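All values below were derived from every heavy atom in this structure, side-chain atoms included, with hydrogens, water molecules and symmetry-related copies excluded. Everything numeric here is computed off the predicted structure, so don't read it as measured data.
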Amino acid sequence: MIDKIDELIISALSQNSKQEVFEIWDFLKGFNYNLTEEEIESRISKLEEEGIIKGYTITVDVKKIPHKVIRVDLVTFRTSQALPKRLDGLKKYLSDAPFVLFSGKTRGGYDWITVKSFLSNEMADEENDIYRNLFGDIIQTYEVYDFVPQTEASFYALTYTEDEYKRFLKEWAPPFIGS
């Protein structure tokens, strides 16, 4: 089980996985935690051993690499006895695809949302046709939108802590905090 300190360490590493332990120590100090560098290293090792931290990755400045086409697929499914088995195939397709950023079930008006990234509109259109051909039997409605990000993609958004959330709101909306 992870605690608030582990959550903050994960959050710090998600922002920069190559930072020195001293930088993480300084980050924790900002939240009134005073651990030694050895304690931080031990916690990181434990998080790795337990498979909570599964690896380290990079963040790319997308403004400095060729433009990508981001597509968002919104799907509702037909009711069918074959649906559970066909969903297994859909999940495999989407988890194996190198262009899928996120994919999953939703609650609300759509059953499934997938966010994909392609090198060109032609690739995006080709995959769109293949996807509809492969899974058209279970698709009731299929909407596709091109998405133009206005901010950088960030896995940090998946790892921030409640303390960081409160600190952010306090900075941006001070009159509303504690009301």
Side-chain angles (χ1 to χ4, degrees), residues 1-4 6-11 13-17 47-166 168-169 172-173 176:
M1 198 69 176
I2 64 173
D3 60 15
K4 286 188 174 212
D6 290 336
E7 288 176 352
L8 284 166
I9 289 170
I10 292 167
S11 177
L13 288 170
S14 74
Q15 292 177 68
N16 178 3
S17 63
L47 291 167
E48 290 170 342
E49 289 167 12
E50 292 177 355
I52 295 167
I53 295 176
K54 293 170 45 173
Y56 295 87
T57 187
I58 61 171
T59 302
V60 177
D61 185 345
V62 294
K63 294 178 183 130
K64 295 181 180 178
I65 61 173
H67 176 69
K68 303 277 190 229
V69 176
I70 309 290
R71 289 265 166 104
V72 179
D73 297 353
L74 307 172
V75 178
T76 56
F77 296 117
R78 287 188 173 103
T79 303
S80 157
Q81 289 184 349
L83 184 60
K85 186 166 181 61
R86 294 291 287 131
L87 281 177
D88 289 342
L90 175 73
K91 290 174 193 174
K92 176 154 180 38
Y93 173 86
L94 295 171
S95 67
D96 290 351
F99 46 81
V100 173
L101 295 167
F102 284 105
S103 186
K105 291 165 81 172
T106 63
R107 292 186 183 117
Y110 299 98
D111 296 320
W112 202 274
I113 297 176
T114 304
V115 181
K116 303 172 182 175
S117 174
F118 296 98
L119 302 176
S120 68
N121 280 314
E122 293 76 25
M123 288 175 74
D125 293 342
E126 177 183 50
E127 190 279 334
N128 185 306
D129 292 341
I130 291 168
Y131 180 89
R132 288 183 301 146
N133 186 43
L134 287 171
F135 302 105
D137 62 314
I138 59 171
I139 294 174
Q140 181 172 322
T141 60
Y142 181 61
E143 296 179 29
V144 177
Y145 297 92
D146 283 0
F147 176 73
V148 181
Q150 301 299 304
T151 61
E152 293 290 321
S154 169
F155 285 106
Y156 171 57
L158 300 173
T159 62
Y160 70 90
T161 66
E162 185 176 351
D163 290 339
E164 290 171 293
Y165 170 79
K166 288 177 181 176
F168 173 82
L169 287 185
W172 280 92
F176 301 107

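- Scanning both residues, P84 and S80, for their nearest heavy atoms gives CD-O, 4.0 Å.
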- Y131 vs E126, side-chain hydrogen bond (donor to acceptor under 3.5 Å, both in side chains): CA-CA, chis, key distance, verdict: CA-CA 9 Å; Y131 180 89; E126 177 183 50; over 6 Å; no
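- The side-chain hydrogen bond (donor to acceptor under 3.5 Å, both in side chains) check on R132 picks up N128, D129, with sequence neighbours excluded.
- The stretch residues 101-117 participates, sequence neighbours left out, in these salt bridge (charged side-chain N to carboxylate O under 4.0 Å, His left out) pairs: D73-K116, K116-E127.
- Checking side-chain atoms of T76 against main-chain N and O of T141 turns up a donor-acceptor pair under 3.5 Å.
- Partners of T114 by side-chain hydrogen bond (donor to acceptor under 3.5 Å, both in side chains), not counting sequence neighbours, listed by chain and number: S103, W112.
- Atoms CG and CZ, on L87 and F77 in that order, are 5.0 Å from each other to the nearest 0.5 Å.
- Partners of Y145 by side-chain contact (heavy atoms from CB on, under 4.5 Å), not counting sequence neighbours, listed by chain and number: L74, E143.
- Between L169 atom CG and E164 atom CD the span is 12.0 Å, to the nearest 0.5 Å.
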- Derivation of the side chain to side chain contact (heavy atoms under 4.5 Å, CB included) call for Y56 and E48: CA-CA 10 Å; Y56 295 87; E48 290 170 342; 2.5 Å; yes
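- Side chains of I9 and L13 form a contact here, defined as non-hydrogen atoms less than 4.5 Å apart.
- For the pair L119 and V69, the minimum side-chain heavy-atom distance is 4.5 Å or more.
- Interatomic distance, CE of M123 versus CG of D125, reported as 11.5 Å (0.5 Å rounding).
- Within the structure, every pair that satisfies the salt bridge (charged side-chain N to carboxylate O under 4.0 Å, His left out) test and touches residues 93-103, not counting sequence neighbours, is listed here: K92-D96.
- By the side-chain hydrogen bond (donor to acceptor under 3.5 Å, both in side chains) test, D146 pairs with R71, sequence neighbours left out.
- To the nearest 0.5 angstrom, S117 atom OG is 4.0 Å from I70 atom CD1.
- Using a 4.5 Å heavy-atom cutoff, the side chains of I10 and L47 are in contact.
- Listed by chain and number, the residues in a side-chain contact (heavy atoms from CB on, under 4.5 Å) with E7 are I2, K4, T161 (sequence neighbours excluded).
- Y110 meets the ring pair (Phe, Tyr, Trp, His ring centres under 6.0 Å) test with no other residue; sequence neighbours excluded.
- Under the salt bridge (Lys or Arg N to Asp or Glu O under 4.0 Å) criterion, D88 pairs with no residue, sequence neighbours left out.
- Pairs passing the salt bridge (charged side-chain N to carboxylate O under 4.0 Å, His left out) check and including a residue from residues 76-86, sequence neighbours excluded, read R86-D137.
- Here Y165 pairs with nothing under the side-chain hydrogen bond (donor to acceptor under 3.5 Å, both in side chains) rule; sequence neighbours left out.
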- Query: Given F168 and Y160, is the ring pair (Phe, Tyr, Trp, His ring centres under 6.0 Å) satisfied, shown in steps?
  - Reply: CA-CA 11 Å; F168 173 82; Y160 70 90; 9.1 Å; no
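- Checked against ring pair (Phe, Tyr, Trp, His ring centres under 6.0 Å), Y93 has the following partners two or more places apart in sequence or in another chain: F135.
- Between V75 and I113, every side-chain heavy-atom pair lies at or beyond the 4.5 Å cut-off.
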